[in-house]
Amino acid sequence: MGQLARQSLQTSALLALRVATQTAMLILLTRLLPPTIYGNLTAAMALAVVMGLLPSLGSGYVMLSATARKGDAASDIWRYAWPLTLLLGCALLLVYLLCGGLITDRGLLSLNTLWWIGATELLITPFITLLSFTLQASERVPLSQFVQWLPLGLRLLAIAPCFAVDDEDRLATYAILQFATSVVSLVISYHLTRRYVRLHWDPRIATADELKTGASYAAMQLVAANPTELDKAIAVRAVGAHDAGIYAATSRIMGAMVTPVIALLLSAQPRLFRHAHKPDKQGKRLIGLIALLAFGWGIFSSVALAVCSPLLPVILGPTYAATARLLPWVAITAPFLALRLSAGTVLVALGHPRERIAFEIAGVLLLASGMVVLPHFLGVGGLIAAVIMAEAVMAASGWWLVRKHNA
């Protein structure tokens, strides 16, 4: 457990930096954009982030699984992963441009702005994520998280120049600058990864088994991201752009508090994959420890957010004053979210991604139906109630499945 603890601490430090960066971005964006525009931006970003999980078709998880059996497998997986990511990313960008206009107000979010957002999340970010998986497969988890943080850190720098332009040009300027900083991040990430892993650029066709396995992982990622992002994508149409912006800002704060659980899961993932191939008592104890720590941190996060909620109008600005009222209710989700994420990660590592897909699809359907019905009676509170209900059901279902497979 010593190595896991060290890696968790190192990864936690980097993820703490990620949380600090996300917090700074949230503060700056809420100061830069009014809730109506921020709500539309969040909806467009949520859709792009979810679709951005598909271009690599789960090849990062194929790397993790393959290197658990053969240490140098990442370089060979890369040979089919990069051309697949490029081709699917280009195709999905066209789909995104069509869908993005349906969930946002075209008068507030132009097609040009959608293109820059889509190009960032569907063409650039998937390659950065793939490089991060390559490092993680080589058990360089802290460095893999630095690679994941880098575009976020540079994107933070892209916000400052936007304050110098006219109000109507701020969103488009930010979209262009975040694309530019993501390209810079990709170049840096590639050179960092090359220092530790040989990346072979001669392309090859993926085997049927690789595509089948990768597609299962990709479907799992897509479904797993939906409970976290679907609410923000639907919010504009469900409660209006202004209330959607208030809700999105509140929800982002709650999600950031669960980051230490993600650090633990990332550090434990290689060991969990090895446990799946060679089960032992130590692996079972690790899974129990993950459940305990995830629940404990979720409870702490919920209480801390509720206590600190009165500070939000001071931090985010007076136009976001309503976030102080919403945060104590949104914070109830934290322990369920932590348990759902940890159960899903354990199931995937144990070789059961389809079961993660099954319980999270059920949660997504519950979430979507709740978000359609409940806001008519409760307004923004209906969004929160739908999320709490869905996350609680998924957390319980996920850990029931883990217990079944790890008995």
Side-chain angles (χ1 to χ4, degrees), residues 3-4 6-7 10-11 14 52-92 121-151 182-222 265-278 345 348-351 353:
Q3 183 180 359
L4 175 61
R6 285 193 300 273
Q7 289 228 336
Q10 291 171 342
T11 306
L14 283 166
L53 299 171
L54 292 176
S56 63
L57 204 62
S59 50
Y61 281 97
V62 176
M63 281 184 185
L64 286 175
S65 181
T67 51
R69 298 187 300 269
K70 184 182 178 183
D72 59 350
S75 297
D76 183 56
I77 301 297
W78 172 266
R79 291 179 55 208
Y80 88 79
W82 76 262
L84 182 66
T85 301
L86 179 61
L87 291 174
L88 285 181
C90 290
L92 287 168
E121 300 299 335
L122 295 168
L123 296 180
I124 307 301
T125 301
F127 275 102
I128 296 174
T129 303
L130 191 58
L131 291 168
S132 175
F133 265 110
T134 304
L135 289 167
Q136 189 180 347
S138 303
E139 298 203 27
R140 299 187 179 274
V141 178
L143 184 58
S144 77
Q145 288 311 294
F146 175 78
V147 165
Q148 288 277 47
W149 169 82
L150 187 60
S182 294
V183 172
V184 173
S185 302
L186 176 60
V187 173
I188 296 173
S189 300
Y190 170 68
H191 285 289
L192 283 174
T193 306
R194 280 185 59 195
R195 294 176 60 185
Y196 302 99
V197 183
R198 292 188 62 187
L199 300 177
H200 300 295
W201 287 93
D202 50 321
R204 71 170 177 86
I205 297 174
T207 65
D209 185 60
E210 287 169 337
L211 289 176
K212 180 181 177 182
T213 303
S216 295
Y217 285 127
M220 174 272 299
Q221 282 185 291
L222 182 65
L265 297 174
L266 287 168
S267 298
Q269 210 165 35
R271 187 168 296 187
L272 288 171
F273 271 97
R274 289 197 299 270
H275 172 64
H277 292 290
K278 294 181 180 180
T345 298
V348 170
L350 294 179

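Residue numbers start at 1 and run along the sequence shown.
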Q. Measuring from Thr134:OG1 to Leu143:CG, what's the distance to the nearest 0.5 Å?
A. 11.0 Å
**Q.** Nearest heavy-atom neighbours spanning Pro126 and Glu121
**A.** CD-O, 3.2 Å
Q: Using atom types as modelled and distance alone, determine if a side-chain donor or acceptor of Ser75 lies under 3.5 Å from a backbone N or O of Leu199.
A: no
Q | Interatomic spacing from CG in Leu186 to CG in Leu131 - rounded to 0.5 Å | A | 6.5 Å
Q | Considering all heavy atoms, the nearest Leu135-Ser144 contact | A | CB-CB, 3.8 Å
Q. Got a second to check how far Leu84's CG is from Leu211's CG, nearest 0.5 Å?
A. 7.0 Å
Q: Please round to the nearest 0.5 Å and tell me the distance separating atom CD1 of Ile77 and atom OG of Ser56.
A: 12.0 Å
Q) How far does OH of Tyr190 sit from CD1 of Ile128, to the nearest 0.5 angstrom? A) 14.5 Å
Q) Can any side-chain N or O of Thr345 pair as donor or acceptor with the backbone N or O of Leu265 at less than 3.5 Å? A) no
Q.
Against Ser182, only a single residue in Ile124, Leu123, Leu150 fulfils side chain to side chain contact (heavy atoms under 4.5 Å, CB included); can you say which?
A. Ile124
Q) In this structure, are over 12 heavy atoms from other groups packed under 6.0 Å from Leu87 atom CG? A) yes
Q. Is there a donor-acceptor contact under 3.5 Å from the side chain of Thr213 to the main chain of Glu210?
A. no
Q: Assert yes or no for the condition that the ring centre distance of Trp201 to Tyr80 is strictly below 6.0 Å.
A: no
**Q.** Where Gly60 and Leu130 come nearest, the two heavy atoms and their spacing
**A.** N-CD1, 4.1 Å
**Q.** Arg204, CZ atom: more than 12 neighbouring heavy atoms under 6.0 Å
**A.** yes
Q.
So which atom in Ser189 and which in Val147 form the shortest heavy-atom distance, rounded to 0.1 Å?
A. OG-CG1, 3.4 Å
Q. Under a 4.5 Å cut-off applied to non-hydrogen side-chain atoms, are Pro151 and Thr125 in contact?
A. no
Q) Quick one: are Val197 and Arg140 in side-chain contact, heavy atoms under 4.5 Å? A) no
Q: For Arg79 and Asp202, indicate whether the former's side chain and the latter's backbone hold a donor-acceptor pair under 3.5 Å.
A: yes
Q. How many angstroms lie between atom CZ of Phe133 and atom CH2 of Trp78, to the nearest 0.5 angstrom?
A. 13.0 Å
Q) Are Leu64 and Gln136 close enough, and set up right, to give a side chain to side chain contact (heavy atoms under 4.5 Å, CB included), and what steps lead you there? A) CA-CA 8 Å; Leu64 286 175; Gln136 189 180 347; 4.1 Å; yes
